[in-house]
Every structure is written in C-alpha cells, then in structure tokens.
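Okay, so here's the structure we're looking at.
Note on naming: letters A, B, ... go to the chains in the order of the sequence lines (proteins, then strands), and numbering restarts at 1 for each one. Small disclaimer: the values here were computed from a predicted structure and weren't measured.
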Amino acid sequence: MKILKRNFYLQPTLKVARELLGKILWYKRNGKVLSGKIVETEGYLRNDPACHASRGMTERNKVMFGPAGHAYVYFTYGMYHCLNAVTQPEGIAEAVLIRAVEPLEGIEIMQRNRKTEELKNLTSGPGKLTQAFGIDKKLNGTDLTQGTFVILDSEEEIRKIYRAPRIGIRVATDKLWRFYVDSEFVSKK
DNA sequence: TTAATGATGGGCT
DNA sequence: GCCCATCATTAAA
C-alpha cells in the first residue's frame, strides 16, 4: 500500500476528516508493525472555539500552524495522548483528530500496552489508540508522509459515513464535525 | 443498562 | 486555580 501524500492533507479539513475513514494508521516501532483502520475522526478548524489553535499559537499547538501532513500529538487529562493529522498550508491551523481505529497488525503488542485482551477495548477511543500504539509526545511534529509513522492509502470502499457532534467539548457542540463508519470500534455511536 | 465520579498533570486565562 | 478533543471504575436504576 502507498503512503498518503501531502496533497491529501491540503484538501479542505472536513473532507480530509471524511476521507481518512478506511485509511490505515501504520507505525513501525522497535522493528514491529502496529496498524489499524481508521473508523472515526473529528475536524478542528480555525475560528472554531473548540480548536486548540483558535486563540493563537502556543508552545503546545505550534505544530498545527506548521505544514500539512504532520502529526499533532498532545497530552491531556493528565494521562492520555491524542493524535491529529495537521491539514492546511503553513500558517493555517486546522487538523483532524483520529478518534478510533480497528486493530489490524501488532494486536499482541496493543493488548500488552492496554493491559487487556478485549479487542473492542484496544483502540476504540483517542486515548486508547495512542496507548495501544505507544504514541506519545515524542511523535509530535512527525511527518506522516514518510518514515515509520505514516498513514497508508487503501482501496476500501466506505458504505456509509455518519456525521455527528464532536465528543468531549463544551463549545461549538452544534457543529457536526465528527465522522465515523459502521464498526464495532467506533468510540461512541 | 446508564449515569456519576475519581484519576492525574500539563496548559493557560 | 480552573480547564481539559479521556477513560476506568463505581453507583444507581
């Protein structure tokens, strides 16, 4: 399979959010491959009060202001990380949060990282999947279009895409910027 | 089954 | 000091 190119991430952010569904998150770590099919995403736009970057650039969110196709990984709630794909050209801070994937490769490692055998509980949430994959702040700013931490294209045809309000935010809850497919691994339907 | 709560610590008004 | 793009556990129904 081929790695998604930078042009993919330069499309409108909500389109990228929809089109990332079915694509493959792929991470080769310590010589072992971890991968999963993306089944749930959320878009975060400029001028969106729920977006970390909406009140200007800070040390934490500066990667969002950088070039498209890079990973924005941040630490939250004192114990979890969340993974985003940065969209839009340099200077425009938008991104897509990867909320859930369906485990494909490296499931034994994910089970060890998550301290559970239960497949449906491995990667069905933004904090869960980063824990399962071993993704943390050291990957913040990584280029997702080359190297060992990338998103792969796929030929998979998506039957139906659902859209719904985003989860875990207190503002802009009227915006239907969460997207997901029919899957047991979606964090919440 | 769903709802409430505690854990836990960096970021920022 | 309060907030937080979360999750696991406990309590309630």
Centroid under 5.5 Å and tilt under 30°, A/Tyr80 to C/dT6: no
Ring centroids of A/Tyr44 and C/dA5 base under 5.5 Å with planes under 30°: yes
Mutual orientation of the aromatic rings belonging to A/Phe75 and A/His81 [parallel < 30°, tilted 30-60°, perpendicular > 60°]: tilted
Identity of whatever pairs with C/dA8 - Watson-Crick or G-U, under 3.5 angstrom: B/dT5
Phosphate OP1/OP2 of C/dC4: any A/Arg170 side-chain N/O under 4.0 Å: yes
Any N/O donor-acceptor pair, A/Tyr77 side-chain to B/dA7 base, under 3.5 Å: no
side-chain N/O A/Arg60 vs B/dC12 OP1/OP2, d < 4.0 Å: yes
A/Glu42 and A/Arg99 ion-paired at < 4.0 Å: yes
Distance test, side-chain N/O of A/Arg55 to OP1/OP2 of B/dG11, below 4.0 Å: no
side-chain N/O A/Thr58 vs B/dC12 OP1/OP2, d < 4.0 Å: yes
Presence of A/Lys175 side-chain N/O under 4.0 Å of C/dA5 phosphate oxygens OP1/OP2: no
Residue whose nearest DNA chain C nucleotide is more 5′ - A/Val171 or A/Lys128: A/Val171
Residue closer to the 5' end of DNA chain B, A/Met79 versus A/Lys137 (nearest nucleotide): A/Met79
A/Arg114 vs C/dC7: side-chain N/O to OP1/OP2 distance below 4.0 Å: no
